[in-house]
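What follows is a set of notes on a single structure, which appears directly below.
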Amino acid sequence: MYDVMYALLSRFIPYDRISVNEPMAKHTSFKIGGSADVYVQPAYKDELVQIIDECRSNNAPFVILGNGSNVLIPDEGLRKVVIQLYPHFSECWIDESGKYIFAEAGAPLSTLAYLACQEGMAGLEFASGIPGTVGGAICMNAGAYDHDMAEVCVLVDLLMPNGELVSLLGEQMNFGYRSSILQQNGGIVLCAGFALSPGDKHEIERDMAELNRRRRETQPLEYPSVGSTFKRPQGHFTGKLISDCGLKGFSIGGAQVSEKHAGFVINTGDATAKDVISLIEHIQETVKDRYDVILEPEVKILCNS
């Protein structure tokens, strides 16, 4: 099947943006995982729509990635077409009124936040250090420092499972804690619009610098990871729960609970997906046994089923 898919997609995707048996470890922040049968990088909306149409027409499973910052790829790889939007599908722009900023799904949040800063638009400072792209951030309602995408997102253009192109207002996205309507309706983010507030460029820069300083001091950014491994359970702080269980520094294979921030599982150099999953399960079981709290993974664990 995947020889056929490569041939079909190669008709309109240049050779430097499509490959077979692509090692996925080099396309994710965890630096873990086997190869993808077909790997393709669309550069434009029309390309993305056509790629997905070809996959559906040929019953070829596919998965969408941003920059791979919140996913774990299985050791055996992915028997799918992997469609990675970053780095090409990533344009950002200000609308003619100057009131709204837009970004394609593959745009890094840091790029979007920096453009907003340069234009004196406040409200995305919290996102400047989140290592994800706009599409994933909208899908998961990404957030940090008590702010999230729901506060600023006003419009999302989607490609629906039936191939229909639709636009939803921010209030139609059913944003919740690390959730949105996309987890129910299967829509794929193409572009999103954000309403920000006028602000002083230098003050915004200072705020971003301070948040990123705090991030560097408290998070193990020197190691490959997916950021926060678990969602925050209501009424608790994940890192404290894990730390209080004595799990800081605990390792399985090359996967380790960070000694700097217990909410992070890091790859110390040679971790496998199996190591990470085993460690996640051990953390969950330990926290459940001691505190009767269920930790739900925030990382998206991909599989071939």
Side-chain angles (χ1 to χ4, degrees), residues 1-24 26-29 33 35-71 73 77-95 100-112 115 131-140 153 155-168 173 180 182 185-194 300 302:
M1 173 192 294
Y2 292 99
D3 288 342
V4 172
M5 289 309 303
Y6 178 80
L8 289 171
L9 299 179
S10 295
R11 295 180 303 173
F12 59 93
I13 300 295
Y15 74 92
D16 59 336
R17 292 195 277 115
I18 185 170
S19 61
V20 295
N21 298 320
E22 179 71 16
M24 291 306 299
K26 69 180 186 179
H27 296 292
T28 66
S29 62
S35 62
D37 283 348
V38 179
Y39 172 83
V40 58
Q41 294 177 328
Y44 313 102
K45 180 179 76 173
D46 290 348
E47 284 186 349
L48 174 59
V49 171
Q50 192 171 356
I51 290 167
I52 293 175
D53 182 61
E54 290 286 1
C55 289
R56 288 178 173 143
S57 297
N58 291 275
N59 296 314
F62 66 90
V63 62
I64 304 288
L65 294 185
N67 62 356
S69 64
N70 193 40
V71 297
I73 305 292
L78 290 169
R79 309 286 72 81
K80 300 181 180 184
V81 176
V82 174
I83 305 167
Q84 186 152 31
L85 304 184
Y86 174 84
H88 300 285
F89 197 72
S90 56
E91 184 179 355
C92 302
W93 67 96
I94 311 294
D95 82 324
Y100 303 98
I101 186 168
F102 290 84
E104 291 180 318
L109 289 177
S110 57
T111 300
L112 178 64
L115 174 60
T133 55
V134 167
I138 294 297
C139 182
M140 293 293 293
C153 177
L155 182 70
V156 184
D157 290 338
L158 301 170
L159 175 62
M160 302 305 292
N162 63 1
E164 182 183 7
L165 297 171
V166 303
S167 295
L168 295 182
M173 290 295 295
S180 72
L182 303 184
N185 69 16
I188 296 168
V189 177
L190 300 175
C191 174
F194 305 89
K300 186 174 182 181
L302 302 184

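- Between Ser35 and Arg79, the closest side-chain pair of non-hydrogen atoms falls below 4.5 Å.
- Ile52 is listed as a side-chain neighbour of Ile83, based on a closest heavy-atom distance under 4.5 Å.
- To the nearest 0.5 Å, atoms CG (Asp53) and OG (Ser57) are separated by 4.0 Å.
- The nearest pair of heavy atoms linking Gly66 to Thr133 is CA-OG1, 3.3 Å.
- Leu112 CG to Trp93 CH2: the interatomic distance, rounded to the nearest 0.5 Å, is 10.5 Å.
- Between the side chain of Glu164 and the backbone N or O of Met160, no donor-acceptor pair lies under 3.5 Å.
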Problem - side-chain contact (heavy atoms from CB on, under 4.5 Å) evaluation trace for Tyr6 with Ile18 - result: CA-CA 8 Å; Tyr6 178 80; Ile18 185 170; 3.8 Å; yes
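- The heavy-atom pair separating Val189 from Leu85 by the smallest distance is O-CD1, 4.4 Å.
- The neighbour count for Tyr86 OH, taken as heavy atoms of other residues, nucleotides or ligands under 6.0 Å away, does not exceed 12.
- Here the closest non-hydrogen pair linking Tyr44 and Phe89 is C-CE1, 3.3 Å.
- Under the 3.5 Å distance criterion, the side-chain polar atoms of Ser69 are matched with a main-chain donor or acceptor of Pro131.
- Side chains of Arg11 and Leu9 form no contact here, defined as non-hydrogen atoms less than 4.5 Å apart.
- Between the Asn185 side chain and the Gly187 main chain, a donor and an acceptor come within less than 3.5 Å of each other.
- No side-chain heavy atom of Asp37 sits under 4.5 Å from any side-chain heavy atom of Lys80.
- Counting heavy atoms from C-beta outward, Leu182 and Leu158 have side chains that approach closer than 4.5 Å.
- Shown here is Phe62, whose CZ atom has more than 12 heavy atoms of other residues, nucleotides or ligands within 6.0 Å.
- Other residues, nucleotides and ligands place more than 12 heavy atoms under 6.0 Å from the CZ atom of Phe12.
- Note that CG of Asn67 and OG1 of Thr28 are 10.0 Å apart. Values are rounded to the nearest 0.5 Å.
- Distance check, rounded to the nearest 0.5 Å: SG of Cys139 to CG of Asn70 gives 10.0 Å.
- Leu78 places a side-chain heavy atom less than 4.5 Å from the side chain of Leu302.
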Problem - Step-by-step side-chain contact (heavy atoms from CB on, under 4.5 Å) determination, Met140 to Ser180 - result: CA-CA 6 Å; Met140 293 293 293; Ser180 72; over 6 Å; no
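- Of all the heavy atoms in Gln84 and Pro42, the pair that sits closest is O-CD, 3.5 Å.
- Rounded to the nearest 0.5 angstrom, Ile51 CD1 and Gln41 CD are separated by 10.0 Å.
- Val40 has its side chain out of reach of Arg17: every pair of non-hydrogen atoms, C-beta onward, lies at least 4.5 Å apart.
- Leu155 is listed as a side-chain neighbour of Ser167, based on a closest heavy-atom distance under 4.5 Å.
- Annotation: side-chain hydrogen bond (donor to acceptor under 3.5 Å, both in side chains) contacts of Glu22 (sequence neighbours excluded): Ser19, Lys26, His27.
- Note on Lys45 versus Glu104: no salt bridge recorded, every NZ/NE/NH1/NH2 to OD/OE distance being 4.0 Å or above.
- Taking CG of Leu165 as the start and CG of Leu190 as the end, the distance is 6.5 Å to the nearest 0.5 Å.
- Checking each of Asp95, Ile94, Asp157, Val134 against Phe102 for a side-chain contact (heavy atoms from CB on, under 4.5 Å) leaves exactly one that passes, namely Asp95.
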